[in-house]
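Notes for the one structure printed next.
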Amino acid sequence: MAILELKGLDIAVENVKIVEDITFNINAGEVHLLMGPNGAGKSSLLKTIMGLTPYKVVNGSILLDGKNIIDSKPYERVKLGVTLAHQNPPKIRVRSKYLIEKVLEKQYGPHVTPNHVKELIEKFNVSHLLGRELYFGFSGGEVKRFELLTITLQKPKLALLDEPDSGVDLDSIKRVANTISELAKHDTAILLVTHTGNIVKYLEHIDKLHIMINGKLIYSGVPKILPELLEKGYEAIAIELGVKV
Ligand code: ADP
Ligand code: MG
């Protein structure tokens with residue numbers, strides 16, 4: 001069964017429709033790319049799946065494991081296994097390690113840091129950040145590494161990843177791609193937004209590609225047109241697909 005099912009989803013902010021008629025499913029362990037130019041509605045779609053304000057579902061449904069979650073609060077969706085790595089995460093005045101502790105507490109009880117978590121902290125190269133306030137003064141790569149670590153620790157059913165490849169150096173992009181492939185191996189369903197496509201060549205597999213322009217999907221299917229998209233850009237692909245944008 002699909003982990004995530006989007007059915008005829010229309011999204012509005014203050015009565016202005018910004019995303020329209022989104023329908024696709026993601027199965028466990030699949031990696032789906034969501035691509036599109038700036039302002040297409042990619043981040044809005046991800047935040048809506050997470051249940052964040054001010055995004056309102058005006059039509060359609062969002063099913064997680066077959067259950068409609070439209071009326072669930074964001075923290076309820078987290079409990080059900082939905083996670084989001086923001087494009088630009090909000091800065092919070094807590095020590096970074098507090099977030100890690102909270103995630104671990106849910107799984108292992110208070111004050112337990114299993115060895116594999118210590119190894120992950122080393123692997124993601126974030127130990128120097130744990131005593132600092134969350135995301136304050138972090139470099140682009142540090143933000144993305146820390147976000148992906150917290151997502152990995154949550155063992156989510158669904159990971160919504162908003163441009164994890166933007167603002168990071170080449171080595172970090174490879175590491176981010178490896179992390180995504182690992183998550184998929186452990187059956188997490190992945191919806192990965194990339195604007196530039198920088199990360200694409202480092203991913204082990206891509207199962208589906210969704211191209212969004214002006215709030216609508218102009219393509220949703222197997223990723224065979226991806227090389228052409230990366231070479232020619234969104235407008236050329238839209239013309240080729242015979243879509244007016
Ligand atoms: P993308 O992530 O594809 O670059 P966004 O989802 O950020 O695009 O934005 C899509 C459209 O929705 C834009 O026109 C943007 O201005 C609008 N939008 C997004 N979030 C808000 C918001 N909180 N309030 C008003 N308009 C918004
Ligand atoms: Mg965005």
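Just so you know, ligand 1 is whichever comes first in the structure, and atom 1 is the first atom listed for that ligand. All values below were derived from every heavy atom in this structure, side-chain atoms included, with hydrogens, water molecules and symmetry-related copies excluded.
- Ion pair Glu101/Lys97 not flagged as a salt bridge, since none of the NZ, NE, NH1 or NH2 atoms sits closer than 4.0 Å to an Asp/Glu carboxylate oxygen.
- Atom 21 (C) of ligand 1 has Tyr55 OH, 3.6 Å as its closest protein atom, hydrogens excluded (heavy atom only).
- Pro54 CG, 3.4 Å is the protein heavy atom nearest to atom 23 (N) of ligand 1.
- Ala159 approaches Thr83 most closely through the heavy-atom pair CA-OG1, 3.4 Å.
- Remark: the backbone N or O of Glu163 is paired with a side-chain donor or acceptor of Lys144 at under 3.5 angstrom.
- For the Mg ion (ligand 2), the N/O/S atoms of Ser44 include none lying under 2.8 Å.
- A donor and an acceptor atom, one from each side chain of Ser172 and Asp169, are located under 3.5 Å apart.
- Taking the centre and axis of the six-membered ring of Tyr202, the NZ or CZ atom of Arg175 falls outside the cone set by 45° and 6.0 Å.
- Side-chain N/O atoms of Gln87 and Ser43 include a donor and acceptor closer than 3.5 Å.
- Closest to atom 4 (O) of ligand 1, if we only count protein heavy atoms, is Gly39 N, 2.7 Å.
- Counting all heavy atoms, side chain and backbone alike, Leu160 lies closest to Met50 at CD1-N, 4.2 Å.
- For atom 18 (N) of ligand 1, the closest non-hydrogen atom on the protein side is Ile18 CD1, 4.2 Å.
- The nearest protein atom to atom 25 (C) of ligand 1, hydrogens excluded, is given as Val13 CG1, 3.6 Å; this is a heavy-atom distance.
- Per-residue contacts place Asn38 under 4.0 angstrom from the following atoms of ligand 1 (heavy atoms of the residue considered): 4 (O).
- The Mg ion (ligand 2) lies under 2.8 Å from an N, O or S atom belonging to Gln87.
- Below 30°, between 30° and 60°, or above 60°: for Phe146 and Tyr135 the angle between ring planes is above 60°, a perpendicular geometry.
- The protein non-hydrogen atom at the shortest distance from atom 6 (O) of ligand 1 is Ser44 OG, 2.6 Å.
- For the ligand labelled ligand 1, residue Pro37 lies inside the 4.0 Å heavy-atom shell.
- For the residue pair Asn68 / Ser61, no side-chain donor-acceptor distance below 3.5 Å is found, with atom types taken as modelled.
- Looking only at protein heavy atoms, the nearest one to atom 7 (O) of ligand 1 is Ser43 CB, 3.8 Å.
- Under the 4.0 angstrom criterion for non-hydrogen atoms, Gly36 is not in contact with ligand 1.
- Among all non-hydrogen protein atoms, the one lying nearest atom 8 (O) of ligand 1 is Gly41 N, 3.2 Å.
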